[in-house]
Structures are given as C-alpha cells and as structure tokens.
There are 2 protein chains.
Amino acid sequence: MPARQIPKPRARRQAPEARPYHHGDLRRVLIDAALQLAAEGADVSVREAARRAAVSPGAPFRHFPNRDALMAAVAEEAQRRFRAEIETTLADARPAGPLARFRAFGIAYVRWAMRNPAHFEIISTGRYFAHGSSAELTRDNAELVVLTERMLAEAAAQGLLRSTDLKRILIAGRALIYGFARMNLDGHFPRWGVGEGEIERMAEEVIDLFIAGIAKS
Amino acid sequence: MPARQIPKPRARRQAPEARPYHHGDLRRVLIDAALQLAAEGADVSVREAARRAAVSPGAPFRHFPNRDALMAAVAEEAQRRFRAEIETTLADARPAGPLARFRAFGIAYVRWAMRNPAHFEIISTGRYFAHGSSAELTRDNAELVVLTERMLAEAAAQGLLRSTDLKRILIAGRALIYGFARMNLDGHFPRWGVGEGEIERMAEEVIDLFIAGIAKS
DNA sequence: TTCAATATGTAATCGTTGATTACATTCCCG
DNA sequence: CGGGAATGTAATCAACGATTACATATTGAA
C-alpha cells in the first residue's frame, strides 16, 4: 500500500479520550449556542455559549472581538431566518393582488415575531446594528422593505389606493405591524384585554383595518 | 428660653466633616440617580447609583430587594412623568373634537418618547412590569388607555367613524403610535430614509393617515 | 428620659461575567 | 519538512449583583 493514503484530516483522533485541540467550526457553534440560549429565554453570555461549545471561556474572543460582535452575528443569523420565512410564506400562499400580499406579509411578520420572540427582539433592537452592522444584516432588512415598497407601488399603479403618498403609507404600515409585534413581545396585550389566543386574529383584524383605511372606496 | 426648643432633627451635624450616617431619603435619591444614568445612555447599575448617592455598594439593597426592584421603581417614576406630560399637553392645547384629541395624544406620545428615549424604553419593555408591577405603574398606564378609549367612544357617538369596532381601532391606533415611537427608539428610521429632523413631521403625517382611514367619508 | 427594638448604613466577601495576556497546540503553505 | 498564522487554554483582572456580619442612628414605649 503506497504511503500516500488519504491525509485523513486527523480524523477526530479520539483515540485515548481527548477531543481535538481545534474545534471544527467554533464560530458557527457559538452563534447557534447563543441563538439557542436566547430562544430558551436565558440571557446570552459569552461564557455560557463557550460552555455549550465545550470550550474555554476565552476561546470565543478568537472569533469575536467582544460580546456585541457575537450578538451582531446572532442578529444576522436571526434576520436571515426571518427574511427566509417571510419570503417562503409569500411564495407558498401566493395571494392575489398587491394588497392581499401586503396583508399576508404583515401576518407572516407578526407570526414569526410571536413564535420567535427572543430572536425578534435581537433583530429589532438595533443595538446590534450599530456596531458591526454587517452588510448582510442591513441587506436582508432592506430586501424586506423593498418587498413592501413594491406591493404598495403596484397597488398605486392599479389605482387601489386613496392616497399616492407611498412613503407615508409604507411607514405607517410598518409602524403598525412592528408596533403590534412589539406590543406582544413587550407584554402589553394582557393589559389591553387581549388574551393569548386572540392575538393572531387581532393582528389580522388590525391589518385589515389599516388596509381598508388606505384602499380606495 | 425654655428647654423645649424645636427638637432640631439632628440638623445635619456636619460639624467636623462627616456626612450624617443616615442618608436623607436614599430611596428617592437612588431612583433619581438611576433615571439620570439611563438618560445619559449609560447602563443602569446598582453600584453606580450607589456611587452617585455617595453611599456604600450594599446600601441600596436596604431599599430594594434586588436590581429589578430598583428598575421597577424607576419605571414607575418614568411612567408617572410620561402620563403627567401627556395629560398636561392635552389640557393646555385643548383640541376641538375627539379625533383632534386623539391626534394630539399620539403626537404628544411620540414626542415624549423621542425626547426621553431611555425612559421610554424602560417603560415600554414590560420587563419591569412583571416583577413588582406596583399598582401605580399599572394604573398610570391604564389611565392613558382609558383616555384614548373615551376619545374613540366619543367620536363613535358623534358618528365620525366608519367602523364601530372600537377595540380594533383602539389597538390599531396604539400599535401605530407605539410602533412609530419604537421604530425611532430602535434606530430604524435611518434605514427608512427618514432623517432626524423629519421624524416629528412624519409622525404627524402617519397619524393623520390613520385618522383619515378610520374617519367617515 | 431611657433604652431596646428597628431601620439604615458599612465592610467584607462570594460567584458570575466580559475582557486581556501569556502560553500551548495545530494547521497550512512555501 | 519547517516556520508562521490560526486557534485553543490558563491565569488573571475589574465590575457587577448579592449576601452576611457588624455599626450606627431613629423611634416609640415604659
């Protein structure tokens, strides 16, 4: 047998009992651990993420200059998932007409925020945009803005809107949707007499009210 | 002179150089220090509040069982100021008609949130409601809800509204206003092409759009 | 008035966290 | 090969929330 057998990338020499000195892809694992921590409602600490990755407390700082950089990467990943689900939802149930699409967008937005509250919080806060603000995060977000912009432009082109001030409508619509999602996240609804089970239906009603308000006749 | 002169409450015996062992009203001072810390954008720590009150790091825990209790008291105070300013504003510029009052409410709401971002954040988050949730905090908030409820009920009674689903309108309106305030707080507007100076005008436009949407004819 | 119970402050200490530094191990490319 | 570059560990630091034992002031009842 020639000596040149496959380099065998140190194939997890777990011979005695030791893990390999180098972790496979620590960066990714840390981000996943942080996402999971957030999803569990725990507060995300660098050390706990390191602990879950079975790595020393200092190791994460080889991949992120500080905690905020880790959180920025977490926000990036969460934003990516958020955008992906919104777009998938819109692609699946392809609603007829721009306003129906706008409605579907708003509902999908609120639903994701309800089902992933901690991740939505991380995305929303903007605390992790300022720092690294990795182009990707900004881009994923801008894509969603463009998405709704197009819906409204199309609606205007079809003469469905009472007003042509699209920017105003766009921001009002986003404020409504974002505000609704955050009211839920921030625990306002119990104080408003909206029970846990009614929230999704209320979201639909509220969005419908808005659309009825901007639609012609 | 009779021996019965006024008890003179130990009148700050700063005779040599020492402050009195007991602080005057440490609880109040700690809350104020925490409010100031928040307003400065620093993160609020019990120790720093103690430092500003010139008191040992353990002293605050005589008045608050833990940090969250301090933050709850801070939220309570901020909420009190918030409500006071809203009501004062509405009382001063008494707008004609329920919808004009609703408009003024929304604008005052957003303005306070813009000028007191850190305090608004503390109020909004609801993280400090859950714990002590002092009745006062809840009450101040409920008062503001009732305020807007009455406006809409009055508008409905005067036949100004297209729909009579007041709860839906109420929540939609609140979501819009809260969402707008939080979009600003969370730093979304730069990404939406809304400059710092335009935000207040945009708030008015957005509220007007909403009112036009719910108003009859 | 006195004095003892209570309220309120200090000092010392603990465990956790973010962060840095010096050192160890592995990877990879010339 | 062999020597940097990448990536991990170990040790350490300061700041923070929290607790405990102790010190001092306030207050109300005998």
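Sequence lines set the chain letters: A, B, ... in the order given, protein chains first and strands last, and positions in each chain run from 1.
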Colleague: Side-chain N or O of A/R51 less than 4.0 angstrom from OP1 or OP2 on C/dT17?
Modeller: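 Yes.
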Colleague: Choose from C/dT10, D/dT9, C/dG18 the nucleotide whose nearest atom is closest to any side-chain atom of A/R67.
Modeller: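 The listed nucleotide nearest to A/R67's side chain is C/dG18.
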Colleague: Contacts to DNA chain C from residues 29-50 of chain A, heavy-atom cutoff under 4.0 Å, which residues?
Modeller: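 Close to the strand are A/S45, A/V46, A/R47.
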Colleague: Between A/F61 (CZ) and C/dA19 (C1'), how many Å, whole number?
Modeller: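 Checked: the CZ to C1' distance equals 5 Å.
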Colleague: Which label fits B/W112 and B/F82: parallel for a plane angle under 30°, tilted from 30 to 60°, or perpendicular past 60°?
Modeller: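 Ring orientation of B/W112 relative to B/F82: tilted.
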Colleague: Between P on C/dA19 and CE on A/M71, what's the gap in Å once rounded to a whole number?
Modeller: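 Between P of C/dA19 and CE of A/M71: 12 Å.
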Colleague: Sequence neighbours excluded, which residues qualify as salt bridge (Lys or Arg N to Asp or Glu O under 4.0 Å) partners of A/R94?
Modeller: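 Applying salt bridge (Lys or Arg N to Asp or Glu O under 4.0 Å) to A/R94 gives none.
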Colleague: Quick one: do the A/E85 and A/T89 side chains pair a donor with an acceptor below 3.5 Å?
Modeller: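 The answer is no; no qualifying pair exists.
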Colleague: Is the distance from OP1 or OP2 of D/dG8 to the nearest side-chain N or O of A/H63 less than 4.0 Å?
Modeller: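 Yes, within the criterion.
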Colleague: With a 4.0 Å cutoff (strictly under), does any side-chain N or O of A/R62 reach OP1 or OP2 of D/dG8?
Modeller: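 A/R62 to D/dG8 OP1/OP2: no side-chain N or O under 4.0 Å.
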Colleague: Where does the angle between the aromatic ring planes of A/F120 and A/Y109 fall among parallel (under 30°), tilted (30 to 60°) and perpendicular (over 60°)?
Modeller: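 Taking A/Y109 first and then A/F120, their aromatic rings stand perpendicular (interplane angle over 60°).
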Colleague: Salt bridge check, A/E149 against A/K167: does any charged N sit closer than 4.0 Å to a carboxylate O?
Modeller: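 No.
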Colleague: Would you call the rings of A/F189 and A/F180 parallel, tilted or perpendicular if under 30° counts as parallel and over 60° as perpendicular?
Modeller: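 Answer is tilted, since the angle falls between 30° and 60°.
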Colleague: Would you kindly give the CG-to-P distance between B/D68 and D/dC16, to the nearest whole Å?
Modeller: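 For the pair B/D68 CG and D/dC16 P, the rounded distance is 17 Å.
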